[in-house]
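Here's the structure we're looking at; comments come further down.
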Amino acid sequence: MIDVLQKQLSASGVKLIAVSKTYPPENILAAYAEGCRDFGENKVQELVDKYEILPKDIQWHVIGHLQTNKVKYIAPFVAMIHSVDSLRLFAEINKQGAKHNRQIPCLLQFFIAEEDTKFGLDWEEAVELLESPEFADFKHVIIAGVMGMASFTENQEQVRREFNTLKQYFERLKKTYFANQPTFKEISMGMSGDWELAVEAGSTMVRIGSAIFGTRTKT
Ligand SMILES: *Cc1c(COP(=O)(O)O)cnc(C)c1O
């Protein structure tokens, strides 16, 4: 499965993040053996445990809500944090990045679904964050793009609309705030059930778990 998926995606220039949350290290190693190097996790403890025992050339992506007090555990090695949705979290990532003398790639998580969730920025909140004076001083984060999750629905038109919204946010931000910054380039959208729609809408990174590893029994 994963090799077919990887071929299909790399043909469209889209990076596959294999979402390995809840799956044991053996599953990760099997995907690794097929050439996958990017894995996504949503719990810090689980991520650190896996990082410690698995090959060091794996790129680890944090895709779930991240508590400020947990940033320090992943700051030395995390490849990208997809789920940044507050100035407070940015400030902590910046602080930990400074401690480890690195710039940590982050995505701005937007709320695009018609569902109740606490996570993700709307357009006004993102603007407020990017224009805040504190933000201008952060030297140890790189805003590499945007991330979003579409509604969990069979309605393909709705999912398409939500992905298009994220793509538009990306383009507006790029024009307004990142015009001369080639590092602002990622649109992280698309999961097992909707990645094809996401790729059509301009995704550059898809986060796929169950379609690779099988249905999750834990959450
Ligand atoms: C779990 C998760 C995924 C992957 O979900 P699947 O449906 O298993 O592909 C992608 N993104 C986020 C933020 C997740 O939490």
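Quick note: numbers below take in every heavy atom, side chains included, and nothing from hydrogens, waters or symmetry partners. Remember, it's 1-based here, ligands and their atoms both numbered in the order they're listed. Keep in mind the model is a prediction, meaning the values are calculated, not measured.
Ion pairing between a basic and an acidic side chain is recognised when a charged N comes within 4.0 Å of a carboxylate O; Glu196 and Arg160 show no such pairing.
Of the N or O atoms in Ile208, none lie within a sub-3.5 Å distance of an N or O in ligand 1. Backbone and side-chain nitrogen or oxygen atoms of Asn42 are examined, and none is located within less than 3.5 angstrom of a nitrogen or oxygen of ligand 1.
For atom 5 (O) of ligand 1, the closest non-hydrogen atom on the protein side is Met191 CE, 3.5 Å. The closest protein non-hydrogen atom to atom 13 (C) of ligand 1 is Ile63 O, 3.4 Å. Among protein heavy atoms, atom 14 (C) of ligand 1 sits closest to Lys21 NZ, 3.0 Å.
Set against the non-hydrogen atoms of Arg207, the atoms of ligand 1 under 4.0 Å away are 4 (C), 9 (O), 10 (C), 11 (N), 12 (C), 13 (C). Interface atoms of ligand 1 facing Gly209, defined by a heavy-atom separation under 4.0 Å, are 4 (C), 6 (P), 8 (O), 9 (O).
Under a 4.0 angstrom heavy-atom cut-off, His82 registers as lying outside contact with ligand 1.
Among Lys15, Arg207, Gln109, the single residue meeting the side chain to side chain donor-acceptor pair (under 3.5 Å) criterion with Ser188 is Arg207.
Seen from the ring of Tyr32, Arg37 counts as a face-on cation partner, given the 6.0 Å and 45° thresholds. Stacking of Arg172 on the aromatic ring of Trp123 is recorded, both the 6.0 Å distance cut-off and the 45° axial limit being met.
A heavy-atom distance below 4.5 Å is found between the side chains of Leu66 and Val44.
For the residue pair His61 / Asp38, a side-chain donor-acceptor distance below 3.5 Å is found, with atom types taken as modelled. Under 3.5 Å, the side chains of Gln6 and Glu34 contain no donor-acceptor pair of N or O atoms.
Taking each of Gly40, Ser20, Ser192, Ser188 in turn, the one with a heavy atom nearest to atom 6 (P) of ligand 1 proves to be Ser192.
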